[in-house]
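What follows is a single structure, written as structure tokens, with notes after it.
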Amino acid sequence: MILKNYIVFEGIDGAGTTTQLKKLAARYEADKVFTTAEPTTNETGKFLRRMLKGEFEVDAKTASFLFAADRCEHIFGKGGVIEQTERGKTVLSDRYFFSSLAYQSVSCGKELPEMLNSSFPLPEILFYFKIDPEISLKRVNSRGQAKEIYEKIDYQKKTAALYDAVMNEYKGEKGKGMRLIEVDATKSIDETADFIWECVNKK
């Protein structure tokens, strides 16, 4: 199933997805667009964000279940993605289940994340931000903020490789009906923003 008017931004930490989502949202009339992110601002998402900050540990498999539960509410829950698209809005999301297929697979293998995320609808457009992990982590470090648990070079390298593998799968039959667009995340913010806007306008 393809969820119309749902646009997703994916990439490793520091790839620029958050910045570009804001840039794209600014080009829409305020009442025509809805921006969101995963983990969400729901209670499940707040719990996950505390975990990502390293406030406590959970088993890798538990984390996979929690991300999927938060995602289920994100898509199907009250005020969620489906409800927003039914109101005629374009929904822009910073991360979706592709993140779990990459990040969670590093720590607990592919089988569980694939099973937990197999029933979620595909977005209409998926922007995949490609960048070398060494470069992206320099961006993360320059923020001067506390790092999250996954923001380590070895983990990011493994995640980047899994992201590439996931995207290759979704270029085929698995992603039928979805537009998958690779973004050179090393270009300037404005260059990238113009490229994304051009792609969206071709929808």
Side-chain angles (χ1 to χ4, degrees), residues 5-28 30 32-41 45 48-49 52-53 67 70-71 74 81 89-106 122-171 175 178-203:
N5 296 320
Y6 185 34
I7 301 174
V8 170
F9 291 60
E10 287 280 5
I12 59 174
D13 295 281
T17 57
T18 304
T19 298
Q20 290 303 327
L21 185 145
K22 291 176 181 176
K23 297 283 277 186
L24 179 57
R27 297 187 189 245
Y28 286 85
K32 300 291 185 184
V33 67
F34 180 81
T35 61
T36 185
E38 293 188 2
T40 68
T41 55
L48 281 166
R49 289 188 185 278
L52 290 170
K53 289 177 182 176
F67 277 106
D70 186 50
R71 183 166 298 123
H74 185 216
V81 173
K89 294 188 178 183
T90 295
V91 177
L92 311 178
S93 182
D94 190 356
R95 300 194 180 283
Y96 189 33
F97 70 78
F98 307 96
S99 286
S100 284
L101 298 181
Y103 279 87
Q104 270 63 67
S105 293
V106 172
L122 292 170
E124 185 172 5
I125 303 175
L126 170 60
F127 286 105
Y128 172 45
F129 287 58
K130 289 268 291 179
I131 191 169
D132 186 296
E134 299 275 1
I135 298 172
S136 66
L137 271 186
K138 283 181 182 177
R139 293 179 179 178
V140 171
N141 292 333
S142 70
R143 296 172 186 164
Q145 300 173 348
K147 285 187 181 181
E148 293 186 344
I149 59 173
Y150 298 145
E151 292 174 342
K152 300 170 183 174
I153 189 60
D154 288 345
Y155 204 101
Q156 289 296 307
K157 284 181 176 179
K158 291 175 183 176
T159 303
L162 280 166
Y163 253 131
D164 285 344
V166 168
M167 294 305 161
N168 282 333
E169 288 181 13
Y170 279 88
K171 285 175 183 176
M178 175 183 73
R179 287 179 62 201
L180 197 167
I181 301 166
E182 288 193 1
V183 177
D184 181 353
T186 63
K187 291 189 175 180
S188 73
I189 290 174
D190 287 341
E191 279 182 297
T192 304
D194 288 342
F195 171 75
I196 290 170
W197 181 238
E198 182 182 345
C199 291
V200 170
N201 278 330
K202 289 179 181 177
K203 190 174 71 167

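We use all heavy atoms of the structure for the numbers below, so side chains are in, but hydrogens, waters and symmetry mates are not. In this text the structure is predicted, and so the values were computed from the model without any measurement.
Between the CG atom in D184 and the CD atom in E191 there is a gap of 8.5 Å [rounded to 0.5 Å]. In this structure, CD1 on I153 lies 11.5 Å from NZ on K158, to the nearest 0.5 angstrom. For the atom pair CD of E38 and OG1 of T40, the computed distance is 7.5 Å after rounding to the nearest 0.5 Å. Distance OG/S93 to NE2/H74: 4.5 Å, rounded to 0.5 Å. For the atom pair CG of L180 and CD of E169, the computed distance is 11.5 Å after rounding to the nearest 0.5 Å. Taken to the nearest 0.5 Å, the CZ atom of F9 stands 10.0 Å off from the OG1 atom of T18.
Side-chain contact check for I181 versus F195: some heavy-atom pair is nearer than 4.5 Å. With a 4.5 Å cut-off on side-chain heavy atoms, S136 and D13 do not count as touching. The closest side-chain heavy-atom distance from I125 to C199 is not below 4.5 Å. Proximity of D94 to Q20: side-chain heavy atoms (C-beta onward) are nowhere separated by under 4.5 Å. K23 is not listed as a side-chain neighbour of I196, based on a closest heavy-atom distance of 4.5 Å or more. Between N5 and E124 the shortest side-chain heavy-atom distance falls below 4.5 Å. Counting only heavy atoms from C-beta outward, the side chains of T159 and Y150 never approach each other to under 4.5 Å. No side-chain heavy atom of F127 sits under 4.5 Å from any side-chain heavy atom of T17.
You'll find the ring centres of F67 and Y103 outside the 6.0 Å limit.
Summarising the geometry of V166 relative to L101, their closest heavy-atom pair is CG2-CB, 3.8 Å, with the distance given to 0.1 Å. The two residues P133 and I12 come nearest to each other via the heavy atoms CA-CD1, 3.7 Å. Taking each heavy atom of A15 and F129 in turn, the nearest pair found is O-CD2, 3.6 Å. Across every non-hydrogen atom of A102 and L162, the tightest pair is O-CD1, 3.4 Å. Here the closest heavy-atom approach between residue D70 and residue G45 is recorded as OD1-N, 3.1 Å. Scanning all heavy atoms of the two residues, the minimum distance from T35 to A25 falls at CG2-CB, 3.6 Å.
Contacts of E10 classified as side chain to side chain donor-acceptor pair (under 3.5 Å), with partners at least two apart in sequence or in another chain: S99, Y163.
In this structure a side-chain-to-backbone donor-acceptor pair under 3.5 Å is present from R49 to P39. Looking at R95, its side chain does come within 3.5 Å of a backbone N or O of G11 through a donor-acceptor pair.
Between Y96 and Y6, the ring planes are perpendicular. Angles over 60° get that label, and only those under 30° would be called parallel.
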Could you walk me through whether E134 and K138 pass side chain to side chain contact (heavy atoms under 4.5 Å, CB included), step by step? CA-CA 6 Å; E134 299 275 1; K138 283 181 182 177; 5.5 Å; no

### Query
Checking ring-ring contact (aromatic ring centres under 6.0 Å, His included) for the pair F98/Y128: CA distance, chi angles, key distance, verdict?
CA-CA 10 Å; F98 307 96; Y128 172 45; 9.3 Å; no

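No more than 12 heavy atoms of other residues, nucleotides or ligands sit less than 6.0 Å from atom CD1 of I189. The number of heavy-atom neighbours closer than 6.0 Å to NZ of K89, taken from other residues, nucleotides and ligands shown, is above 12.
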